[in-house]
There are 2 protein chains.
Amino acid sequence: MSEISRTRARGIDRVVDVLEHLRAVRHPIGIGELARAIGAPRSSIYEIVERLTDSGLLEVDEQNQVYFGPSVYFYADAYLASHPLFRHGRDEAIRLSKVTGETTQICMLLGNKYTVAFMQPGSSLFRIISETGVLVPIPWTASGRLLLAGMSDDSIRALIPPEDYVLPDGRVIDIKDFLTDVAAARLTNRTMTLGLSDPYTACLAAAILDEKAHAVATICFMVPAATPLEKREELLDELVAAARNVSSRLIDKPWAAAPR
Amino acid sequence: MSEISRTRARGIDRVVDVLEHLRAVRHPIGIGELARAIGAPRSSIYEIVERLTDSGLLEVDEQNQVYFGPSVYFYADAYLASHPLFRHGRDEAIRLSKVTGETTQICMLLGNKYTVAFMQPGSSLFRIISETGVLVPIPWTASGRLLLAGMSDDSIRALIPPEDYVLPDGRVIDIKDFLTDVAAARLTNRTMTLGLSDPYTACLAAAILDEKAHAVATICFMVPAATPLEKREELLDELVAAARNVSSRLIDKPWAAAPR
DNA sequence: CGATACTGTCCTGTATAGCGGACAGTGTGT
DNA sequence: ACACACTGTCCGCTATACAGGACAGTATCG
């Protein structure tokens, strides 16, 4: 995750490493274990954890396990308030999930990975594929192809590390094929993949665009692969409509008339 | 906010100051302005902002205004998932707001301040008193009294800075009176204040308790001060029931059977 | 026009933050 | 009983992160 440098690391980098690690493990963790996991000296991490606990960014429970603290909640609240994308995207996802009964997600890129930003489970009993916030290689997903639509082939090659083209089952995606997929997604603004990251799941997605027509997120359904094609096309139409809906609401500047 | 020390500051402290300042202003802000606001050298802040932007903790828009980045959202998502308090508290607040038509809030302490963690506006047109995440002196609020119920008088004195006893209109709350209020709240687990932070608003609150019977949050209504006492008592009963409801669900360990 | 106030980048010296390691305490296995 | 693996605290050395300022560029003002 961090640089391989063997030299003394900065406090800031340690902080980032700590937070990223907690996100990755998604569990409270002992301070010593945390230090080991991110390859940092224990003394440094003890210090940092104390400082961040004081500020509420982290929290230490009665067994001295470290995890995120209340401050991140308030920071996120402010973040969400400034991003209509999330507010409206969530609303649409919840609505679609109710109307169609399918599991609906809002997805986005985070650095060079793909992640689920929000998920609303459907009414049918259907297992959850991936948790919110877990980072996944972009080529593993239908949405990932849509989210790259705004980029040139060269920058896509630069962005995605080679190992990300290897699927969980060992198959390797050809980069040329992938770029072709992206180009196709660019034109239609919709993708449908079958058994990509998971053999029994089809993923349907439509892109949410910002004012410059860049894909900033996708809204998608996770449906059983056995779902008839006609039904899937129908669902995809719903997604495209919903995405357009959200996109159109992003044009209003969020804090244009805000007080100083 | 930070120490008054004139010496060189740590990177970590700068990071915390930056995040806290963004929370306080609740707006994207220029880098130079940010540096000035927290009393830090510009060069340091440029550096830090760049680093934090890379990690997604901050975001810089096209006008080079800095604000929270997507990472905080995912950290908060993890935080919420590990805190049943928030999930259940939110649900209850939304339900109460629907049932009663009143503005409902979940409130908690953050360091030595009081803050609204979640707010669900009521059906009636009623102005919003305070935004989510804004820090308010504890003595200004009804909920604050409940939230201190687990502490001794001495630790309360140590916690709250003297200036926090001065109300916005200039009146000063006597510390003894305040401690008496807290003691009363401790017994009944409910508070009602009239025109404390605002002359036309009554605040009704009940405490949500953790497994050790410490108040970890409150659930409260903001109603017009003119609301008849009988009606207010009725609403308070609802709050107490809701709080008990949430409290009882906090006893289950959130990640007891979680996978490694 | 010059004056003032920004902004973003780059450089250099030194106060100090982070590292490594020692230490005592606790628990668990044999 | 000992060995081993922890944990949390403390301390001194030194590589370096931070502060401070210089710099060029841009914008607004009268």
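For clarity, every value in this text was computed on a predicted model and none was experimentally measured. Letters go in sequence order (proteins before strands), and every chain restarts at 1.
Atom CD1 in B/Ile12 sits about 15 Å away from atom C1' in D/dT16, given to the nearest Å. Between B/Asp17 atom CG and D/dC18 atom C1' the separation is 14 Å, expressed in whole Å. The CD-C1' distance, from A/Glu47 to D/dA17, rounds to 15 Å in whole Å. Straight-line distance from the CD1 atom of B/Ile48 to the P atom of D/dC18: 6 Å, rounded to whole Å. If you take CG of B/Leu34 and C1' of C/dT7, they are 14 Å apart, rounded to a whole angstrom.
A close approach under 4.0 Å does not occur between any side-chain nitrogen or oxygen of B/Arg51 and OP1 or OP2 of D/dA17.
With ring centers used as reference points, B/Tyr165 lies under 6.0 Å from B/Phe178.
Taking A/Arg10 as the reference, B/Glu47 meet the salt bridge (charged side-chain N to carboxylate O under 4.0 Å, His left out) condition, with sequence neighbours excluded.
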Pick out the pairs of N or O atoms, protein on one side and nucleotides 3-10 of chain D on the other, that lie under 3.5 Å.
from	atom 1	to	atom 2	distance (Å)
D/dG8	OP1	A/Asn64	ND2	2.5
D/dG8	OP2	A/Tyr46	OH	2.4
D/dG8	O5'	A/Tyr46	OH	3.3
D/dG8	N7	A/Arg42	NH1	2.9
D/dG8	O6	A/Arg42	NH2	3.0

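Between A/Glu33 and A/His21, the side chains place no donor N or O within less than 3.5 Å of an acceptor N or O (distance only, hydrogens not considered).
Listed by first and then second residue, the salt bridge (Lys or Arg N to Asp or Glu O under 4.0 Å) pairs that reach into residues 135-144 of chain A come to none, sequence neighbours excluded.
Under the 4.0 Å criterion applied to side-chain N and carboxylate O atoms, B/Arg23 and B/Glu20 are assigned as salt-bridge partners.
Residue A/Ala40 is classed as having no contact, given no heavy-atom separation below 4.0 Å to the nucleic acid.
In summary, of the residues considered (B/Tyr79, B/Tyr73, B/Tyr75), a ring-ring contact (aromatic ring centres under 6.0 Å, His included) with A/Phe68 occurs for B/Tyr75 alone.
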